[in-house]
Amino acid sequence: MSFINKTSSSAAATAATLKPCVICKGESCFVIPGIASSQCFCLLHYYSTGKHNDYGPKNNKKAGRTKNKKTSLLVENERIKKQLPNVQELFAEAFVEL
């Protein structure tokens, strides 16, 4: 799994070019590269849509399965830090309700 973390001056340039979240049109933290176009997600929608499952360690023991899913992911750390408290609160409330 490869994570590209942007820091210092390149982070500012990357943050300025990131598209909004494809679901809520809010500030995106994750960019999932694609052949035709990239998908951008805010922290909430990256986890709530299950996109995070596409980038974890794979246990491909099924016969004939040799292809892995995409492993490239661009992460904007400053935006994650800003969005994290609200997402933690939302998931905590959902957990309590369950």
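Quick note: residue numbers are just sequence positions, from 1.
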Look up atom [atom1] in [X] and atom [atom2] in [Y], then write down how far apart they are to the nearest 0.5 Å.
| X | Y | atom1 | atom2 | value |
| --- | --- | --- | --- | --- |
| Gln88 | Glu93 | CD | CD | 12.5 Å |
| Cys29 | Tyr47 | SG | OH | 10.0 Å |
| Ser48 | Leu90 | OG | CG | 8.5 Å |
| Leu84 | Leu44 | CG | CG | 11.5 Å |
| Ile23 | Phe41 | CD1 | CZ | 5.5 Å |
| Cys42 | Arg79 | SG | CZ | 11.0 Å |

Exercise for review: I would like to know whether Lys19 and Ser38 meet side-chain contact (heavy atoms from CB on, under 4.5 Å); could you show each step before the answer?
Suggested key: CA-CA 9 Å; Lys19 296 178 184 175; Ser38 299; 5.7 Å; no

Point to revise | Verdict with supporting geometry, Lys51 and Ile32, side-chain contact (heavy atoms from CB on, under 4.5 Å) | key: CA-CA 9 Å; Lys51 291 295 181 183; Ile32 301 171; 4.1 Å; yes

Check your understanding: Are the ring centres of Tyr46 and Phe30 closer than 6.0 Å?
Key -> yes

Review point. Between the main-chain N or O of Glu27 and the side-chain N or O of Gln83, is there a donor-acceptor pair closer than 3.5 Å?
Key: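 At least one qualifying donor-acceptor pair exists.
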
Exercise for review: Please report the closest heavy-atom contact between Pro20 and Lys25, naming both atoms and the distance.
Suggested key: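 Minimum heavy-atom separation between Pro20 and Lys25: CB-O, 3.5 Å.
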
Check your understanding: Where is the tightest heavy-atom contact between Leu43 and Ile80, given as atom of each residue plus distance?
Key ->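 Minimum heavy-atom separation between Leu43 and Ile80: CD2-O, 4.1 Å.
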
